[in-house]
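To start, the structure under review is shown below, and the notes come after it.
Note that these values count all heavy atoms, side chains included, but never hydrogens, waters or copies made by symmetry.
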Amino acid sequence: MVVRAKEELVAAGEGSPDSERKCDSNVVSPSLSMSALESDSPDVHGGSKARWICFVLAWLSYAGLTALRKPLGVGKKPLASDLKLGKTQLGFLDMSFLLPYAVVQVTVGSQADKVQPYLVLFLSLLVSSLSMLTFGSWSSLYPLAFLLFIAGSAQAFGWPACVKLISGWFPGRASSNVFGFFGTCTSIGGVGGTMIAVYLLQWSWRSSFYPQALVVLALSFAVFFFLPAPPPDSTSAKESSSSSSALSSSMSDASSVSTLKLMRIQCVAELCCANFLIKMVRYAFFMWLPLYLSEELHFSEGKAGMMSTTFEIGGFVGTFFSGAIIDRLFGGRLLSSMSGLLLVGCVSIGLFIVTSSFGVVFNCATLFLAGAANVATDPIISAMVPMAVAELEQTNTKAGLASVLNGMGSVGVILEGPIIGAMADLFSWSACLYLLATLQLVSLFLVRRAAQHKRTVALS
């Protein structure tokens with residue numbers, strides 16, 4: 001599967017022969033394709049116990065970080081009522097977390113390639129938990145924004161570190177299914193964080209932050225003391241033609257790779273723009289769906305919070321089966337599978353708009369489909385694609401590429417809060433939904449642009 005996925009990525013990088021940075025599927029040696037991709041037996045890099053300890057701790061860690069974000073979305077209505085905040089100010093709080101999350105991930109998230117990734121993950125968990133433990137103690141907008149800024153900066157290192165850890169223990173063809181399973185942590189963490197927050201809202205929005213913060217604090221010490229270090233990166237330099245070796249030689253040392261160099265790799269810029277829009281849509285649902293269900297469809301706060309989990313439950317199902325979707329429905333082609341998922345997501349949002357007044361069953365069904373399609377793209381574009389590109393370019397930049405793709409995508413999340421808040425205030429919730437459907441459609445066109453040369457190669 002990954003071999004075919006890499007062929008697609010190479011094909012998407014084809015272009016004029018005089019460009020150093022463009023890839024050609026004919027220049028990747030067979031020895032590279034086989035040796036880099038087929039080392040997926042259980043004992044290639046050591047005991048299976050250590051690799052599964054790594055997987056479980058990384059999964060729990062990122063699930064905890066995701067759960068830590070949920071009280072802010074679920075508790076928007078009581079928080080706004082208590083502190084007399086408008087929707088635009090609520091959007092400012094979203095941005096206070098998401099702005100540093102994106103900027104730090106893009107600029108310095110690749111430090112997971114230079115520092116021990118377990119240490120990066122430990123610090124991410126520790127600082128995130130400590131900043132949110134005191135969140136409910138404040139009653140002013142600016143201290144809350146500052147704490148969210150610290151938490152967002154710390155969480156930016158979580159995903160790149162996890163990608164580095166998992167890819168070290170599960171190389172080759174096993175990685176697609178493993179990252180499909182690993183990607184379920186965002187949905188399970190989101191559902192768990194939402195349910196805890198909804199339960200605690202009956203007392204106060206302030207109390208809804210404490211349990212998640214304490215769990216993440218405990219996980220930080222579990223990572224520090226028990227997480228096994230991944231084996232050395234097995235990707236080695238192989239012979240290749242001059243068109244690929246020019247870029248490989250400039251990127252062979254992870255410490256010398258800049259964000260600009262990573263962005264110059266073919267397909268990366270288009271996929272960054274696509275992820276920008278995909279994440280904007282996803283986080284709009286994560287952060288605003290409970291408030292929409294409460295204000296527009298007139299559900300109680302508790303029911304609105306629980307109904308919002310159908311988007312994340314759908315995300316869990318879609319992510320869990322993403323490996324099978326890629327292999328069996330799309331023949332291992334990463335970009336084609338993303339295109340199919342984005343099309344389903346766009347149609348699902350449109351159906352949600354049309355059937356929003358039809359009742360709970362229609363609401364849950366369309367939200368489930370929208371979540372399954374949107375969230376399932378995350379392990380593909382944020383983990384599988386970076387791994388394929390890094391091995392194709394024969395570089396130790398998996399965390400760097402994951403950081404750039406995930407971080408540049410998160411730039412869209414920065415704008416999500418102010419835009420959705422302002423549109424809901426100035427226009428209507430319906431205008432927000434139409435915007436999200438449009439953004440999902442544009443992301444589909446960007447992914448197809450990234451894969452524009454693939455069809456020619458596939459048909460030749």
Side-chain angles (χ1 to χ4, degrees), residues 9 12 66 69 91 94-110 152-153 155-156 158-160 163 183 186 258-288 311 315 319 334-335 337-339 341-346 349 370-371 373-386 389 400-423 432-452:
L9 286 166
T66 305
R69 307 168 191 170
D94 281 0
M95 189 176 70
S96 298
F97 173 86
L98 298 167
L99 174 62
Y101 179 84
V103 172
V104 171
Q105 198 163 68
V106 171
T107 55
V108 295
S110 60
S153 301
Q155 288 203 27
W159 183 262
V163 169
T186 59
S258 67
T259 298
L260 183 59
K261 286 182 179 179
L262 294 173
M263 289 285 289
R264 285 175 177 170
I265 299 174
Q266 290 301 302
C267 306
V268 173
E270 291 91 341
L271 292 175
C272 282
C273 293
N275 208 21
F276 173 96
L277 301 178
I278 294 169
K279 281 183 172 288
M280 188 172 182
V281 173
R282 182 182 310 147
Y283 275 81
F285 277 100
F286 282 167
M287 306 303 287
W288 293 95
F311 184 87
T319 304
L334 298 180
L335 301 184
S337 61
M338 279 192 64
S339 300
L341 290 168
L342 291 172
L343 179 60
V344 173
C346 185
I349 295 174
N374 184 289
V375 180
T377 64
D378 198 47
I380 301 175
I381 197 168
S382 298
M384 299 179 198
V385 168
V389 172
L401 283 166
S403 178
V404 168
L405 280 168
N406 199 40
M408 289 298 289
S410 297
V411 174
V413 181
I414 299 171
L415 303 177
E416 160 271 318
I419 289 176
I420 298 299
M423 288 191 70
C432 298
L433 290 174
Y434 284 119
L435 173 65
L436 297 179
T438 303
L439 295 178
Q440 189 92 330
L441 184 61
V442 174
S443 67
L444 168 60
F445 287 125
L446 286 168
V447 172
R448 295 317 305 160
R449 178 178 174 81
Q452 60 184 328

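Nearest heavy atom pair, residue A437 against residue C346, reads O-SG, 3.6 Å. Closest non-hydrogen pair, A156 versus Y101, comes out as CB-O, 3.3 Å.
Atom-to-atom distance recorded for Y283:OH and L415:CG is 14.5 Å, nearest 0.5 angstrom. The CG atom of L439 sits 11.0 Å away from atom CD of E416, with the distance rounded to the nearest 0.5 Å. With rounding to the nearest 0.5 Å, the separation of CD1 in I349 from CZ in F285 is 4.5 Å. Here L436 contributes atom CG and I420 contributes atom CD1; the two are 4.5 Å apart, rounded to the nearest 0.5 Å. Interatomic distance, CZ of R448 versus CE of M338, reported as 10.5 Å (0.5 Å rounding). Note: L99 CG to D94 CG = 12.0 Å, rounded to the nearest 0.5 Å.
Taking 4.5 Å as the limit, some side-chain heavy atom of K279 sits within range of a side-chain heavy atom of D378. Here the side chains of R69 and F97 are in contact, with some heavy-atom distance below 4.5 Å. Here the side chains of V447 and L444 are not in contact, with every heavy-atom distance at 4.5 Å or above. Side-chain contact between I419 and M280 is present, with at least one heavy-atom pair separated by less than 4.5 Å. Looking at L342 and Q440, their side chains come closer than 4.5 Å, going by heavy atoms from C-beta outward.
Shown are T377, I380, L271, I381; of these, the side chain to side chain contact (heavy atoms under 4.5 Å, CB included) with L334 is made only by I380.
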